[in-house]
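The basis for the numbers below is simple: all heavy atoms, side chains too, and nothing from hydrogens, waters or symmetry mates. The first residue in the sequence is number 1, and the count goes up from there.
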Amino acid sequence: MLRLSLDLSGKPAVFLSNCFRYYNGLSSLAIYRNPPEQAVSLVRLKEGVDLYELKMEGAVNYDRLQIKLRDDARKQLTDLFKKVLAYLQMVATEEDIPALMQAGIEVKGRAPRKRTVVAPA
């Protein structure tokens, strides 16, 4: 099983630009064009990105209510992307690595486990 990750940190503008990049990358992936009903659809993901962009524009003037709404939209969008990653980790194979990397998703190999050896006393 592949380990995949996305960079969903940073300031709101950086987060939004990363979301647009990941959404565009996911829409070009062949393994994510027709996800099952349990997975997050591209339409739902686009709605989340658009909602976050709208809330971000509303919070420009430092209104506390708008900032709270923006933060809530960010949390929901982060959860959607985590669900997408969980689905892709289950479905993706070794042949899909170049396409995933092209989409902006970071692919991490499985790290070998190190055995701890207890020295004799």
Side-chain angles (χ1 to χ4, degrees):
M1 184 166 92
L2 297 174
R3 288 181 46 211
L4 307 174
S5 67
L6 297 173
D7 181 21
L8 297 174
S9 62
K11 293 185 177 187
V14 174
F15 177 77
L16 183 64
S17 67
N18 284 341
C19 288
F20 277 125
R21 183 172 58 120
Y22 297 140
Y23 171 76
N24 289 333
L26 286 173
S27 62
S28 68
L29 275 179
I31 60 173
Y32 202 75
R33 284 202 184 116
N34 296 320
E37 292 180 15
Q38 295 86 5
V40 178
S41 67
L42 287 172
V43 173
R44 186 170 167 208
L45 197 61
K46 180 64 175 167
E47 289 173 355
V49 172
D50 290 341
L51 176 69
Y52 182 73
E53 182 180 20
L54 181 69
K55 298 299 180 185
M56 193 177 121
E57 290 171 0
V60 168
N61 61 358
Y62 300 106
D63 182 14
R64 289 179 188 243
L65 177 63
Q66 294 298 323
I67 290 173
K68 173 69 172 138
L69 293 173
R70 178 197 67 196
D71 292 344
D72 290 343
R74 180 176 179 154
K75 185 181 285 187
Q76 291 173 356
L77 188 57
T78 302
D79 289 341
L80 288 177
F81 274 113
K82 285 181 181 180
K83 289 177 183 178
V84 167
L85 273 182
Y87 171 73
L88 287 175
Q89 282 181 347
M90 291 181 353
V91 174
T93 61
E94 295 289 329
E95 294 82 31
D96 298 323
I97 291 177
L100 290 170
M101 291 178 73
Q102 185 71 27
I105 299 171
E106 187 175 335
V107 179
K108 299 179 180 179
R110 176 176 268 176
R113 292 187 179 183
K114 295 181 181 178
R115 292 186 180 185
T116 57
V117 178
V118 179

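The shortest distance between side-chain heavy atoms of Lys68 and Asp72 falls below 4.5 Å. Put simply, the side chain of Met56 reaches to within 4.5 Å of the side chain of Leu16, judged on heavy atoms. You'll find the side chain of Ile105 stays beyond 4.5 Å of the side chain of Met101, heavy atoms only. Using a 4.5 Å cut-off on side-chain heavy atoms (C-beta onward), Tyr32 and Ser27 make no contact. Side-chain atoms of Pro35 and Val40, non-hydrogen and from C-beta on, never get closer than 4.5 Å to each other. Contact of the Arg64 side chain with the Gln66 side chain is not registered, since no non-hydrogen atoms from C-beta on lie closer than 4.5 Å. Side chains of Lys46 and Leu42 form no contact here, defined as non-hydrogen atoms less than 4.5 Å apart. Considering only heavy atoms from C-beta on, Arg44 comes within 4.5 Å of Leu80 through its side chain.
Distance check, rounded to the nearest 0.5 Å: CG of Asn61 to CD1 of Ile67 gives 8.0 Å. For the atom pair NZ of Lys55 and CD of Gln76, the computed distance is 9.5 Å after rounding to the nearest 0.5 Å. Here Leu4 contributes atom CG and Ile97 contributes atom CD1; the two are 8.5 Å apart, rounded to the nearest 0.5 Å. Put simply, CG on Leu69 and OH on Tyr52 are 12.0 Å apart, with the number rounded to the nearest 0.5 Å.
What you find for Ser17 and Val14 is that their closest heavy atoms are OG-O, 2.9 Å. In terms of heavy-atom proximity, Leu6 sits nearest to Phe81 at CD1-CD2, 3.8 Å. Here the shortest heavy-atom pairing between Leu77 and Gly48 reads CD1-C, 3.7 Å. Residues Arg70 and Ala59 approach most closely at NH1-CB, 4.1 Å, considering heavy atoms. For the residue pair Leu85 and Ser5, the shortest heavy atom distance occurs at CD1-CA, 3.9 Å.
Results of the side-chain contact (heavy atoms from CB on, under 4.5 Å) test with Asn18 over Phe15, Tyr22, Phe20 single out Tyr22 as the only residue that passes.
No more than 12 heavy atoms of other residues, nucleotides or ligands sit less than 6.0 Å from atom CD of Gln102. The local environment of CG in Asn34 is sparse, with at most 12 non-hydrogen atoms from other residues, nucleotides or ligands closer than 6.0 Å.
The backbone N or O of Thr93 lies less than 3.5 Å from a partner atom in the side chain of Asp96, making a donor-acceptor pair. Put simply, the side chain of Arg33 gets close to the backbone of Ser28: a donor and an acceptor are under 3.5 Å apart.
Hydrophobic cluster membership differs between Leu54 and Tyr23, with clusters built from Ile, Leu, Val, Met, Phe, Trp and Tyr side chains linked at under 4.5 angstrom.
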